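These notes are about the structure you will find just below.
Note: hydrogens, waters and symmetry copies are ignored here, and every other heavy atom, side chains too, is used. Computed from a predicted model, the values in this text were never measured in an experiment. Below, chain A is the first sequence line, B the second, and so on; all start at residue 1.
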Number of protein chains: 2
Amino acid sequence: MAGEATWAASAATDPELACPVAPVVDIVFSRWTTPILWTLHTHGRQRFVELQRRIDRITPKVLTQRLRQLERDGLIVRTYHPEVPPRVEYEISELGRSLAPLFAHLAEWSAEHLDEVERARNDYDTDPAR
Amino acid sequence: MAGEATWAASAATDPELACPVAPVVDIVFSRWTTPILWTLHTHGRQRFVELQRRIDRITPKVLTQRLRQLERDGLIVRTYHPEVPPRVEYEISELGRSLAPLFAHLAEWSAEHLDEVERARNDYDTDPAR
DNA sequence: CGGAATCCCTAACGATACTG
DNA sequence: CAGTATCGTTAGGGATTCCG
């Protein structure tokens, strides 16, 4: 299987690092980044308030922080329109768009295995051996 | 592209949820879980101390917490051997193994795009417009 | 509108013991 | 060996207010 080969190979060529995917995980899967990228991807270019409305329970402060981080990492593009009132638009960059297959893969795994996780949790919690 | 289609479809069928992959992210990409799963996958079944040695700078307390969580989610299997001194072995479960292609996909994206992120960061940090 | 500034608070992590 | 117990710390997030 290609997947296994790639995984093993990466680890083999990087003996120093316990987990070669750690950097990517920090970039793509740190808190709030997934909903933000997802929203930008599915609804296209949009303004700050639209993002805030669509992403449940996120505060403007945290939204700003994460947007800045994603912009710095090159995953999204921020466009400032010097008008009154000011208008700012965010959109996914080309680099951000390259994550689409990965996210699709994730959604696929979720659809196939999430209930299995749920069952495992029930088993664990109801097992009297604990 | 199949990736785009799946992504969009999942979001469309789940209007309530801002991000359909959020649950999986919590399970698979919460702190320390990636290095643990990676180590168990590449080195096979191993004991507590081996894991602790291989995963840089993790404390026994945190390692225990994460191992319990992964066991509860069904991603790893814990085997207790009642001997003196006690021996406990951890290994990836079938469910955990099903993540292999996903991790490979992640490693692939990393190899292809991580330097691009690095460049974006440099550009962002050195841009005098900020 | 799109944030920045401030204050607060707690969940999580780290370090250091100790035990069956 | 494989953890638990206890304590201390801190980074991250929430709530609120204010500004260009």
Side-chain angles (χ1 to χ4, degrees), chain A residues 18-19 22-23 25-37 39-40 43-73 76-92 124 127 129-130, chain B residues 18-19 22 25-37 39-40 43-73 76-91 124 127 129-130:
Chain A
C19 177
V25 172
D26 276 348
I27 293 168
V28 181
F29 298 109
S30 61
R31 200 134 197 247
W32 291 113
T33 58
T34 333
I36 292 175
L37 288 176
T39 304
L40 283 177
H43 297 281
R45 174 193 307 161
Q46 53 199 299
R47 308 176 63 167
F48 188 87
V49 274
E50 301 182 89
L51 282 169
Q52 192 182 353
R53 262 194 303 267
R54 287 197 171 109
I55 300 170
D56 200 35
R57 319 194 59 65
I58 196 170
T59 62
K61 171 189 159 188
V62 175
L63 181 55
T64 302
Q65 289 176 343
R66 311 272 69 131
L67 286 173
R68 290 284 186 279
Q69 178 192 321
L70 289 169
E71 187 196 0
R72 188 172 103 98
D73 291 345
I76 67 175
V77 177
R78 178 182 185 265
T79 312
Y80 176 76
H81 304 272
E83 312 166 355
V84 251
R87 189 161 56 91
V88 177
E89 290 185 315
Y90 294 92
E91 60 185 321
I92 289 232
Y124 186 96
D127 186 348
R130 283 173 234 290
Chain B
C19 177
V25 172
D26 275 349
I27 294 167
V28 181
F29 298 109
S30 60
R31 201 139 193 238
W32 291 112
T33 58
T34 332
I36 291 174
L37 289 175
T39 303
L40 282 176
H43 297 280
R45 175 192 305 161
Q46 53 199 299
R47 309 173 66 165
F48 188 86
V49 273
E50 302 181 89
L51 282 168
Q52 192 182 353
R53 261 195 301 267
R54 287 196 169 110
I55 300 171
D56 200 34
R57 320 195 57 66
I58 196 170
T59 62
K61 172 189 158 188
V62 175
L63 180 55
T64 302
Q65 289 176 342
R66 310 275 67 134
L67 285 173
R68 289 284 186 280
Q69 177 192 321
L70 289 170
E71 187 196 2
R72 188 173 103 99
D73 291 344
I76 67 175
V77 177
R78 176 181 186 269
T79 312
Y80 176 76
H81 305 271
E83 312 167 355
V84 252
R87 188 162 55 94
V88 177
E89 290 184 314
Y90 294 92
E91 60 186 320
Y124 185 95
D127 186 348
R130 281 172 235 292

Report task. Rounding to 10 degrees, work out the angle separating the end axes of the helix from dC1(C)-dG20(D) to dG20(C)-dC1(D) (five pairs an end). Result -> 50°
Query raised in the report: Does a nitrogen or oxygen in the side chain of R68(B) sit under 4.0 Å from OP1 or OP2 of dT4(D)?
Result: yes
Requested in this report: Rounded off to whole Å, could you give me the CZ-to-P distance for the R87(B) and dG3(D) pair?
Outcome: 13 Å
Requested in this report: Give the B/S/- string for nucleotides 6-20 of chain D, one per nucleotide from 5' to 3', where a protein heavy atom under 4.0 Å of the base yields B, of only the sugar-phosphate yields S, and otherwise -.
Outcome: B------BBB----B
Report task. Mind calculating the distance between CD (Q52(B)) and P (dC1(D)) to the nearest angstrom? Result -> 10 Å
Query - Spacing of R72(B) atom CZ and L70(B) atom CG [to the nearest 0.5 Å] - result: 11.5 Å
Query raised in the report: Are the side chains of I76(B) and L37(B) in touch, meaning some heavy atoms are under 4.5 Å apart?
Result: yes
Query raised in the report: Which is the 5'-most and which the 3'-most nucleotide of DNA chain C that has an atom under 4.0 Å from a heavy atom of chain B?
Result: dC13(C) to dG20(C)
Taking distance alone, no hydrogens or angles, what donor-acceptor pairs closer than 3.5 Å link side-chain atoms of residues 59-67 of chain A to residues at least two apart or in another chain?
from	atom 1	to	atom 2	distance (Å)
T59(A)	OG1	V62(A)	N	3.4
T64(A)	OG1	P60(A)	O	2.8
R66(A)	NE	Q69(A)	OE1	3.4
R66(A)	NH2	Q69(A)	OE1	2.6

**Report entry** Sequence-distant partners of Q52(B), side-chain hydrogen bond (donor to acceptor under 3.5 Å, both in side chains), two or more places apart
**Finding:** none
Requested in this report: Please state how far atom CG in L63(B) lies from atom P in dA5(D), giving the value in whole angstrom units.
Outcome: 17 Å
**Report entry** Q46(B) side chain near T39(B) side chain, heavy-atom distance below 4.5 Å
**Finding:** yes
Requested in this report: Return the set of residues passing side-chain hydrogen bond (donor to acceptor under 3.5 Å, both in side chains) with R68(A) (not counting sequence neighbours), or none when no residue passes.
Outcome: none
**Report entry** Validation row: L40(A), E91(A) side chains within 4.5 angstrom (heavy atoms)
**Finding:** no
**Report entry** salt bridge (charged side-chain N to carboxylate O under 4.0 Å, His left out) against E50(A), all qualifying residues, sequence neighbours excluded
**Finding:** none
Query raised in the report: Excluding sequence neighbours, so at least two apart, what forms ring-ring contact (aromatic ring centres under 6.0 Å, His included) with F29(A)?
Result: F29(B)
Query - Separation of dC1(D) C1' from E50(B) CD (nearest whole Å) - result: 12 Å
Query - Pairs flagged by salt bridge (Lys or Arg N to Asp or Glu O under 4.0 Å) wherever residues 25-37 of chain B is involved - sequence neighbours left out - result: none
Query raised in the report: Who passes salt bridge (charged side-chain N to carboxylate O under 4.0 Å, His left out) against R87(A), sequence neighbours left out?
Result: E83(A), E89(A)
